[in-house]
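Here is the structure we will look at, set down as structure tokens.
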2 protein chains.
Amino acid sequence: MTKKITRKELATCPDCVCFNIRKASRVVTQVYEEAMSKTGLRGTQFSVLVVVALFGSITITRLAENLVMDRTTLSRNLKPLEKRQLLKVIAGADRRTRVVQLTDSGHNTLKAALPLWKKTQQKIARLMGSERLDNLLGELRAIEKITDQM
Amino acid sequence: MTKKITRKELATCPDCVCFNIRKASRVVTQVYEEAMSKTGLRGTQFSVLVVVALFGSITITRLAENLVMDRTTLSRNLKPLEKRQLLKVIAGADRRTRVVQLTDSGHNTLKAALPLWKKTQQKIARLMGSERLDNLLGELRAIEKITDQM
DNA sequence: AGTCATTATGTGTATTTACACCTATGTTGC
DNA sequence: GCAACATAGGTGTAAATACACATAATGACT
């Protein structure tokens, strides 16, 4: 064993950005998923459906870019949504590409999830204060931007 | 298909707290893991080792509480750390409980990871500004607290 | 001592995450 | 036309996440 780690060396670790953002991510995710449980949609799945709805038709790589998600991660996230037939992945113009589209069922499920999502979002805004929440969202985007430079 | 989802209904979705916090969580995690890659520690693993180091000896349930992590999630997160022999899980006083402790190797690995972690944390503080970062951490804790009331 | 609730933990299952690596297709420059 | 590069996507592997459910041990109450 090397020299013992002092308490002082560990003192600042609870302020770890990675730890705290992951921790907050876990609890927030649970709140949203609980709220949307009626639809069976997970938080990530809701986000995917929203972006697909916004684009109408979008390739996997573009969708991943818009979600700031690894392409292979997204590919796998599409699987349960395809299985539930909430969206379909069909051949694109280019023989390399595959495009994602909502099915009617996906459209209906998203439609049902939207008010549940909104209610949750608004409740958080009310409890935290709209300005503070806007500030938080801004800071989250700021830290995303900063990580580009690292 | 139910009535078409309007663009207006989707307009506020990109401000979803769940989406944005998960997104930020992904990019931040990648930065920390890249920085600590030499040690082979993932972000979560680093956090686990830190808390175990702080407690010296701690049961799985207490550890999960301190990490604000589902107990079963933590149980599974311990597996790769046990496999690498960075920590050991041994029988506790109570025959139900099992206590987690760092091994010498875990101690050394954590010792090696600490400066890498600190450098990353400080770089973010420098790029973002210490006050803004402190503010962000405070707001993350605030939103955690709020979700308790939901 | 025996019942019953509480506490501590593990397992099955499914999703989310991402790196390394691979194949197929399209594009560009000669 | 073809070689070299760029683009789009999939697979193997491993970790992180959490719910539902199961088991075992302890504590409390009669």
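Here is the naming used below: chain letters follow the sequence lines, and residue numbers restart at 1 for every chain.
Picking from C/dG10, C/dT17, C/dA8 the nucleotide with the shortest atom distance to the side chain of B/T72 gives C/dG10.
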Between protein and nucleotides 13-15 of chain C, what N or O pairs are separated by less than 3.5 Å?
unit_1: C/dT13; atom_1: O4; unit_2: B/R76; atom_2: NH1; d: 3.2

Would you list the protein and nucleotides 3-6 of chain D atom pairs, both N or O, that sit under 3.5 Å from each other?
none

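Atom CG of A/L137 is separated from atom CG of B/D15 by 6.0 Å, given to the nearest 0.5 angstrom. The line from CG of A/N108 to CG of A/D104 is 6.5 Å long, rounded to the nearest 0.5 Å. Note that the CG atom of B/L63 and the CZ atom of B/R71 stand 12.0 Å from one another [nearest 0.5 Å]. The CE atom of B/M128 sits 10.0 Å away from the CG atom of B/D134 when rounded to the nearest 0.5 Å. Taking OG of B/S130 as the reference point, atom CD1 of B/I124 lies at 11.5 Å (rounded to 0.5 Å).
In this structure, B/Q30 does not reach the C/dT17 phosphate: none of its side-chain N or O atoms is under 4.0 Å from OP1 or OP2.
With sequence neighbours left out, the side chain to side chain contact (heavy atoms under 4.5 Å, CB included) criterion links B/S47 to A/F19, B/L67. Contacts of B/R96 classified as salt bridge (charged side-chain N to carboxylate O under 4.0 Å, His left out), with partners at least two apart in sequence or in another chain: B/D94.
Take the nearest nucleotide of DNA chain D for A/S75 and for A/R26: the residue whose nucleotide is more 5' is A/S75. When each of A/R95 and A/R71 is assigned the nucleotide of DNA chain C bearing its nearest heavy atom, the one mapping closer to the 5' terminus is A/R71. Between A/L78 and A/D94, the one whose closest nucleotide on DNA chain C sits nearer the 5' end is A/L78.
One N or O on the side chain of A/E9 and one on the backbone of A/T6 form a donor-acceptor pair closer than 3.5 Å. The closest donor-acceptor contact from the side chain of A/H107 to the backbone of B/I5 lies under 3.5 Å. A donor-acceptor contact shorter than 3.5 Å links the side chain of B/T109 to the backbone of B/S105.
Regarding A/L74, its CG atom lies at a distance of 11 Å from the C1' atom of D/dG9, rounded to whole Å. For the pair B/K79 NZ and D/dT17 C1', the interatomic distance rounds to 15 Å; values are reported in whole Å. Atom-to-atom, CD of A/E34 to P of D/dA18 comes out at 14 Å; the value is rounded to the nearest Å. Residue A/E82 contributes atom CD, which lies 13 Å from atom P of C/dT16 at whole-angstrom precision.
Screening residues 33-55 of chain A for salt bridge (charged side-chain N to carboxylate O under 4.0 Å, His left out) gives A/E33-A/R42 as the qualifying pairs, with residues at least two apart or on separate chains. Residues in residues 50-68 of chain B take part in these side chain to side chain donor-acceptor pair (under 3.5 Å) pairs, two or more places apart or across chains: B/S57-B/Q101, B/R62-B/E65. Evaluation of the side chain to side chain donor-acceptor pair (under 3.5 Å) test over residues 112-126 of chain A, restricted to residues two or more places apart or in two chains, returns A/Y32-A/Q121.
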Side-chain donor-acceptor pairs of residues 143-150 of chain B under 3.5 Å, sequence neighbours excluded:
unit_1: B/E144; atom_1: OE1; unit_2: A/K23; atom_2: NZ; d: 3.4
unit_1: B/E144; atom_1: OE2; unit_2: A/K23; atom_2: NZ; d: 2.8
unit_1: B/T147; atom_1: OG1; unit_2: B/E144; atom_2: O; d: 2.5

Just distance, no hydrogens or angles: give the donor-acceptor pairs under 3.5 Å from side chains in residues 75-93 of chain A, sequence neighbours left out.
unit_1: A/R84; atom_1: NH1; unit_2: A/T39; atom_2: O; d: 3.4
unit_1: A/R84; atom_1: NH1; unit_2: A/G40; atom_2: O; d: 3.1
unit_1: A/R84; atom_1: NH2; unit_2: A/T39; atom_2: O; d: 2.9

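Residues from residues 140-150 of chain B lying near DNA chain C, meaning a heavy-atom separation below 4.0 Å, are absent. Of the residues in residues 49-70 of chain A, those lying under 4.0 Å from DNA chain C by heavy-atom distance are A/M69, A/D70. Residues of residues 13-21 of chain B having a heavy atom closer than 4.0 Å to DNA chain D: none are found.
Screening B/I21, B/T29, B/V28 for a side chain to side chain contact (heavy atoms under 4.5 Å, CB included) with A/R22, the sole residue that qualifies is B/T29.
Using a 4.0 Å heavy-atom distance criterion, A/T73 is classed as a base contact.
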